[in-house]
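Quick caveat, the model's predicted, so the values are computed rather than measured. Counting convention: from 1, in listed order, for ligands and their atoms alike.
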Amino acid sequence: MEKLTRRGFVRAAGVAAVAARSLPAFQAATVAADLAAPGVRFNRMLFGQFLEHFHRQVYGGVFEPGSPLSDGDGFRADVIAALRELKIPVVRWPGGCFASAYHWLDGVGKARQPSFDKAWGVEDSNAFGTGEFVKWCRAIGAEPYICTNAGTGTPEEMSDWVEYCNLKGQARYARMRQANGFPEPHNVRFWSIGNENYLGGEIGAKTVAEWGPLVRESAKMMRAVDRNIKVLAAATTTGNWTAPLLKEAGQYLDYISIHGYWDPLWRVNKPSGYLQCMMRSEEPEQEILQAAALLETTGFKGKIKIAFDEWNLRGWHHPGFPGGGADTALIAQRAENDRNETYTMADAVFSAGLLNACLRHAEDVQMACMAPVVNARGPLFVHPKGIVRRTTFHVLKMYADLLEPNVLAAQVSSEPLKSGEKQVPVLDAVVTSSDDRRRFAVALVNRHPDQPVQCTLNLGAPPRDGAVQVRLLAGDSPDAYNDVGRPDRVAPETRQWKLQGGAVQLPPHSVSILQGPV
Ligand code: AHR
């Protein structure tokens with residue numbers, strides 16, 4: 001029978017793959033790790049989020065002045081309360097494609113004028129700008145992370161934004177901030193230069209030859225204003241763009257910013273089904289491995305980290321955009337992003353696998369931001385009368401609440417889940433332990449759409465019998481989702497599972513986190 005390990009296939013001698021129809025009533029799998037072994041302490045910025053001026057993420061999402069559900073700042077208080085449950089450490093803003101033509105001065109001060117959003121073809125009131133974003137971040141307990149305009153902007157405009165946010169009174173833009181009602185610096189630590197400027201469709205797209213020098217001069221100027229900031233730059237996981245970038249500007253960078261969406265719904269909104277999504281669930285880790293290899297070959301491994309600062313299984317739906325002009329018919333189709341039936345257990349299982357991939361590479365991946373945080377493809381759906389926690393919300397909360405801080409090396413072996421010529425391991429897992437090695441938390445993902453997994457845990461102690469506490473998210477079907485009329489159809493449960501010989505049975509299409517004393 002074929003067994004899949006993290007390293008690939010290990011075909012049992014002389015035994016061909018068992019035909020799918022004769023598979024046992026469950027899939028066999030093992031997870032082996034030594035709880036006493038040293039681990040890698042992961043950065044909690046892996047649980048970051050992204051907020052873009054797109055459709056109803058800002059206006060009608062986090063910011064809705066006049067709503068009975070909003071506070072005195074116009075922030076949806078129910079959204080703040082829900083997002084605080086996720087313990088979000090960092091939020092990236094204002095884009096995304098929106099950032100590549102955004103001029104930050106339009107979004108500060110008392111006399112703001114609306115501006116035309118060249119990326120998404122709509123007018124932005126600019127009522128939500130730098131001050132509002134920073135204040136909202138503090139309200140949800142997150143660090144603000146600003147993505148600057150390297151499309152139509154300049155190094156000077158970027159560094160002036162740093163001055164506005166981070167200097168005290170000894171500078172023109174700092175004094176402007178104070179006059180705008182913010183006497184203390186905003187203390188924005190994270191700054192990205194550009195967004196996907198490698199894409200031809202991006203406003204102000206750059207060539208490889210242009211990009212390195214622009215990033216170098218922008219980073220120099222931003223650091224000349226505040227040398228304590230962390231600087232990121234738009235990058236890809238392939239060498240033709242990023243190797244020249246690092247050659248020109250690597251010495252000024254703390255992270256490279258990479259993005260990933262795997263169900264391409266930009267033009268046609270036909271969400272892929274559960275099994276199709278599962279077949280793509282190993283691709284995020286391939287991206288991470290490519291980026292880590294690039295840092296290695298360019299000599300920046302260990303010096304520059306990876307920020308997966310836009311990720312989502314589902315690409316956002318915006319036919320004809322960015323840059324499609326003020327086409328109201330096309331713009332109206334963005335409402336498709338709000339269809340809650342899109343976000344099923346496929347999204348939950350895929351997202352858990354992506355977080356596991358980031359955790360497995362915690363020494364390189366030090367930030368990840370789900371794209372976006374509300375509405376569109378985000379974990380939280382916001383409507384005029386309330387909110388809906390989508391399946392991914394529960395995964396993010398489980399990971400933020402229950403994992404121990406150290407990721408241990410683990411050998412995971414399971415049957416393949418197959419669809420046509422494609423296959424992926426049925427089981428994905430990550431093992432974490434406390435600093436004193438007295439507690440563990442194992443995240444186990446069963447990707448199978450209809451079969452349980454009998455998973456044996458070999459954690460460096462004798463086979464374990466007896467009860468173990470489990471937080472389980474499974475849903476009643478691989479296509480289960482939450483919606484306004486049924487907000488808790490998919491909800492996490494706390495269970496006591498009985499380990500037998502160290503084995504547990506994982507329900508189909510499920511994410512489980514087992515916790516226990518060593
Ligand atoms: O589909 C949304 C876009 O995806 C973001 O604005 C951009 O950064 C990415 O290409």
Side-chain angles (χ1 to χ4, degrees), residues 48-59 61-62 90-102 116-122 124 128 133 145-153 190-206 211 232-238 241-242 255-272 283-284 287 306-324 327 330-331 333-339 342-343 347 354 367-379:
Q49 291 285 341
F50 171 53
L51 177 69
E52 177 162 4
H53 287 238
F54 173 87
H55 199 223
R56 296 190 319 108
Q57 293 178 34
V58 174
Y59 306 106
V62 303
V90 63
V91 179
R92 176 174 180 259
W93 169 85
C97 297
F98 173 84
S100 292
Y102 177 65
F116 182 69
D117 169 0
K118 295 184 180 69
W120 301 120
V122 297
D124 191 302
F128 190 92
F133 169 63
Y145 159 14
I146 288 180
C147 179
T148 63
N149 172 1
T152 63
F190 300 99
W191 294 85
S192 178
I193 297 168
N195 175 78
E196 299 185 359
N197 304 84
Y198 43 82
L199 287 180
E202 191 75 11
I203 290 174
K206 294 295 180 290
W211 187 236
L232 304 89
T236 62
T237 60
T238 53
W241 172 269
T242 302
Y255 302 77
I256 52 172
S257 156
I258 64 172
H259 295 171
Y261 298 90
W262 288 273
D263 193 8
L265 303 172
W266 295 280
R267 300 285 169 261
V268 177
N269 192 50
K270 277 188 172 179
S272 297
E283 292 178 27
E287 292 294 300
I306 298 167
F308 220 139
D309 59 16
E310 277 187 37
W311 67 262
N312 200 304
L313 164 62
R314 314 284 182 182
W316 302 3
H317 184 58
H318 43 70
F321 284 83
D327 185 320
L330 281 176
I331 289 167
Q333 293 186 44
R334 289 169 197 170
E336 290 291 301
N337 289 288
D338 284 348
R339 298 170 67 95
T342 306
Y343 313 104
D347 300 75
L354 183 141
M367 184 192 292
C369 300
M370 188 172 181
V373 60
V374 300
N375 293 333
R377 310 298 195 195

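Residues passing the side-chain hydrogen bond (donor to acceptor under 3.5 Å, both in side chains) test with Asn149 are Thr152, sequence neighbours excluded.
Within 6.0 Å of NZ on Lys118 lie no more than 12 heavy atoms contributed by other residues, nucleotides or ligands.
Checked against Asp338 for a side chain to side chain donor-acceptor pair (under 3.5 Å), the options Arg377, Arg56, His317 give a single hit: Arg56.
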For ligand 1, list all ligand N or O to protein N or O distances below 3.5 Å, rounded to 0.1 Å.
| from | atom 1 | to | atom 2 | distance (Å) |
| --- | --- | --- | --- | --- |
| ligand 1 | 1 (O) | His318 | NE2 | 2.7 |
| ligand 1 | 6 (O) | Glu52 | OE1 | 2.7 |
| ligand 1 | 6 (O) | Glu52 | OE2 | 3.2 |
| ligand 1 | 6 (O) | Cys97 | N | 2.8 |
| ligand 1 | 8 (O) | Asn195 | OD1 | 3.2 |
| ligand 1 | 8 (O) | Asn195 | ND2 | 3.1 |
| ligand 1 | 8 (O) | Glu196 | OE2 | 3.4 |
| ligand 1 | 8 (O) | Glu310 | OE1 | 3.0 |
| ligand 1 | 8 (O) | Glu310 | OE2 | 2.6 |
| ligand 1 | 10 (O) | Glu196 | OE1 | 2.5 |
| ligand 1 | 10 (O) | Glu196 | OE2 | 3.1 |

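Using cut-offs of 30° and 60° for the angle between ring planes, the Trp93 and Phe133 rings count as parallel.
In this structure, His53 has its ring center no closer than 6.0 Å to that of Trp120.
A heavy-atom distance below 4.5 Å is not found between the side chains of Arg92 and Met367.
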